[in-house]
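Data block below; observations after.
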Amino acid sequence: MTVRVRFAPSPTGYLHIGGARTALYNYLYAKATGGTFVLRIEDTDLERSKAEYEKLQIDDLKWLGLLHDEGPDKPNPKYAPYRQSERTEIYQKHAQELVDKDLAYYDFCTEEELDAMKEKAAAEGRDPVYEGKWKDPAFHQEALDRIAKGEKPAIRFRAPKKSYTLNDKVKGSVTYPENMVGDFVIVRSNGQPVYNFCCVVDDYLMEITHVIRGEDHLNNTVRQLMIYEALGAKIPEFAHVSLLIGHDRQKLSKRHGATSVNLYRSEHYLPEAMCNYLCLLGWSHPTEKDIFDKQDIVEVFSLDRFSASSAMYDLEKFKWVNSEHIKKMDNASLILLIEQEPETEFFRKQSPEWKNACVELLKRYAQFITDFPKLVNELILNDDPEITDPLKEILSWDTTPQILAFIAEETGKVTSEFISEAELNGWMEHVKKIMGVKGKPLFQGVRAALTGHDHGPDLKFLIPLTPVRVLKNRVAHLNK
RNA sequence: GCUCCCAUCGUCUAGCCCGGUCUAGGACAUCGCCUUUUCACGGCGGUAACAGGGGUUCGAAUCCCCUUGGGAGUACCA
């Protein structure tokens, strides 16, 4: 059996990190099993669905590298179309078949009548169950007559009176008691089919073998089980992945701040890092590895390593994962990414050797790609550093003024754009031998004179990357 | 309210299915130390958890029940 999985977002907003995680698991499972990853657009809620969101979500998915094998833009004629709004006739046909078999019926109940039933059920402390007269087959003819007169009924599914058991890949055995749900609408009176129905018809017709989705659908599944049964369809495997929660332990949503993928994308997080972090929320690597890329995971991914409890989204760890991916990345790729950042004119103009040395030095300090331009500015280009207290202290040492004077003199003599490590070493030697300064006063003094800071990366790597004109300005600045 | 799901360090988790090897392992964060002639990077180490109560058993983080806590669902939303 070839695995077919799907990610089925509603285009009612940006791609959410929870959605991205679900998409990721589906993608990974497809790749791990040599299966097919299908993208289906669940836009049956005409009011909220927008074509632009569909495009935006697909863009985000692509950015994450979660490319689908089939979808609206990559249709397989056997299963197309992939937008539910374009499949209305398919749903109506199947709904009609259910009515013909008396597995569903026309319902003309008004909103008021329905509300009254719900209130009654609530008062009696049970779930609302449809008890309208149209449930009775005796009224079928009356319904037909009203339809003939042009009235529009909803189509309601006749929920079997029995309990259902689901063998979920992550939750294990789940039993839905009899009467958990009453008869439910599958086609609205305006002819629009409803999610639970579309979902099953599509999964059935698209031959989906594994449904990997959020736990918020766990209760829905009983309705879907009923429909599979009524349709005579094979029931796929289900894996209800636990939900992502925010710091207040509530389901992650917009009010938790940065929860849409495009936000991280615009802040230039690495897509691989995002997949890596998201993957770890509720799933664990068999050898407890926590830094990996998609290729590594595909080889070991399986549905039996999901955690059953919900996971808190923690930006701190995500940031760490991002920084680990930066450290792992080769310099050439890093340089390419950095040059796409704004305010990197200086960086872009430098020699390949300079860029490589610069990235090699700075990547251990950077958590994000956007940190590189910042670090270059602070560490390499800033020529009037702030005089901080620790810096003042170094400047007050007896030996510092002479170091400062010496550095001013030496940098004044340099005509090249940069100095070499050897030249720097020469200066250090001079200060050490001729001036008799060593240890902390030596290094801290030279550091202060050349960088205007009391701390930072190793001087022998940093200074050869710093333009001599900046060095000159700094010494002049400090001499004032 | 009702139904379903969940419960190991602050956080993500391993272990649970197939009880003993768990005085519970890893990672983030945090704290400390070491190294480096400075500063970092790094390395090493510390603090820190089986929600509570009953069973079952020679033995329970692991199996069962209850309580408590948390989450989700309860639509002619998805």
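Per chain, numbering begins at 1; letters A, B, ... match sequence-line order. Keep in mind that this is a model prediction, so the values were computed, not measured.
For A/Y195, counting side-chain heavy atoms from C-beta on, the closest listed nucleotide (B/A78, B/G25, B/C76) is B/A78. Among the nucleotides B/U13, B/C4, B/A78, the one closest to any side-chain atom of A/P177 is B/C4. Here the side chain of A/E288 is nearest to one of B/A7, B/A78, B/G26, namely B/G26. For A/R48, the side-chain atoms get nearest to B/C77 when compared with the rest of B/C6, B/C77, B/A14.
Nucleotides B/U35 and B/G42 place their C1' atoms 9 Å apart, quoted to the nearest Å. Straight-line distance between the C1' atoms of B/G43 and B/A60: roughly 38 Å, to the nearest whole Å. A gap of 26 Å separates the P atoms of B/C12 and B/U74, to the nearest Å. Comparing the P positions of B/U21 and B/C6 gives an interatomic distance of 26 Å, to the nearest angstrom. Of the P atoms belonging to B/U11 and B/A49, the separation is 12 Å, rounded to the nearest Å.
Taking the side chain as every heavy atom from C-beta outward, A/R83 and A/P81 never approach each other to under 4.5 Å. At least one side-chain heavy atom of A/H325 sits less than 4.5 Å from a side-chain heavy atom of A/I291.
Atom NZ of A/K152 has 12 or fewer neighbouring heavy atoms from other residues, nucleotides or ligands inside a 6.0 Å radius. Other residues, nucleotides and ligands contribute over 12 non-hydrogen atoms within 6.0 Å of the CD atom of A/E429.
Atom pair A/E119:CD and B/A75:C1' shows a separation of 14 Å (rounding to whole Å applied). If you take CZ of A/R213 and P of B/G73, they are 13 Å apart, rounded to a whole angstrom. Whole-Å rounding puts the A/F197 CZ to B/C77 P distance at 15 Å. Straight-line distance from the CD atom of A/E178 to the P atom of B/C2: 19 Å, rounded to whole Å. One interatomic measurement links the two molecules: CH2 of A/W283 to P of B/A14, which rounds to 11 Å at whole-angstrom precision. Atom P of nucleotide B/A75 and atom CD of A/E112 are separated by 16 Å, given to the nearest angstrom. Residue A/Y105 contributes atom OH, which lies 11 Å from atom P of B/C76 at whole-angstrom precision. The distance from atom CZ of A/F238 to atom P of B/G73 is 18 Å, rounded to the nearest whole Å.
Pairs passing the side chain to side chain donor-acceptor pair (under 3.5 Å) check and including a residue from residues 444-458 of chain A, sequence neighbours excluded, read A/D458-A/K460. Evaluation of the ring pair (Phe, Tyr, Trp, His ring centres under 6.0 Å) test over residues 168-199 of chain A, restricted to residues two or more places apart or in two chains, returns A/F157-A/F184, A/Y195-A/H217.
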Heteroatom pairs (N/O) under 3.5 angstrom, protein to nucleotides 68-72 of chain B:
residue : atom : partner : partner atom : Å
B/G71   : OP1  : A/Q250  : NE2          : 2.3
B/A72   : OP1  : A/K251  : N            : 3.3
B/A72   : N3   : A/N219  : ND2          : 3.4

Between N or O atoms, less than 3.5 Å apart, protein on one side and nucleotides 30-35 of chain B on the other: list the pairs.
none

Between the protein and nucleotides 39-41 of chain B, list the N/O to N/O atom pairs that are separated by less than 3.5 angstrom.
residue : atom : partner : partner atom : Å
B/C39   : O2'  : A/G456  : N            : 2.8
B/C39   : O2'  : A/G456  : O            : 3.4
B/C39   : O2   : A/R447  : NH2          : 3.2
B/C39   : O2   : A/G456  : O            : 2.6
B/A40   : O2'  : A/Y365  : OH           : 2.6

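Within the nucleic acid shown, A/T175 comes within 4.0 Å of sugar-phosphate atoms alone, with no base atom in reach, counting heavy atoms only. Residue contacts for A/C199: at a heavy-atom cut-off of 4.0 Å it reaches no nucleic acid atom on any strand shown. Across all strands shown, A/L114 has heavy atoms under 4.0 Å from base atoms, whether or not it also approaches the sugar-phosphate. Using a 4.0 Å heavy-atom cutoff across all strands shown, A/N179 reaches no nucleic acid atom at all. Residue A/A311 is classed as a sugar-phosphate contact, given heavy-atom separations below 4.0 Å to backbone atoms only. Within the nucleic acid shown, A/G445 has no heavy atom closer than 4.0 Å to any nucleic acid atom. In this structure, A/T44 reaches the sugar-phosphate backbone alone: every heavy-atom distance under 4.0 Å involves primed, P, OP1 or OP2 atoms, never a base.
Between the CZ atom in A/F372 and the CD1 atom in A/I335 there is a gap of 9.5 Å [rounded to 0.5 Å].
Under the 6.0 Å cut-off for aromatic ring centres, A/Y29 and A/F37 do not qualify, their centroids lying 6.0 Å or more apart.
Not a single salt bridge (Lys or Arg N to Asp or Glu O under 4.0 Å) links A/K50 to another residue, sequence neighbours left out. A/R213 meets the salt bridge (Lys or Arg N to Asp or Glu O under 4.0 Å) test with no other residue; sequence neighbours excluded. In this structure A/D60 satisfies the salt bridge (Lys or Arg N to Asp or Glu O under 4.0 Å) test together with A/R265, sequence neighbours excluded. Every residue meeting the side chain to side chain contact (heavy atoms under 4.5 Å, CB included) condition with A/A408, not counting sequence neighbours, appears here in chain and number order: A/V475, A/N479.
Phosphate proximity of B/A75 to A/R156: absent, as no side-chain N or O sits under 4.0 Å from OP1 or OP2. Under 4.0 angstrom from either OP1 or OP2 of B/C17 there lies no side-chain N or O belonging to A/K169.
The aromatic rings of A/F301 and A/F306 sit perpendicular, their planes meeting at an angle over 60°, well past the 30° parallel limit.
Taking 3.5 Å as the limit, the base of B/A29 and the side chain of A/D314 contain no donor-acceptor pair of atoms between them.
Of the residues in residues 315-325 of chain A, those placing a heavy atom less than 4.0 Å from an atom of RNA chain B are A/E316, A/K317, A/W320, in numerical order. For RNA chain B, no neighbouring residue in residues 370-379 of chain A is found when judged by any heavy atom under 4.0 Å. Residues from residues 181-192 of chain A that place a heavy atom under 4.0 Å from any atom of RNA chain B, listed by number: A/V185, A/R188, A/S189.
In this structure a side-chain-to-backbone donor-acceptor pair under 3.5 Å is missing from A/D371 to A/K374. Remark: the backbone N or O of A/R156 is not paired with any side-chain donor or acceptor of A/D107 at under 3.5 angstrom.
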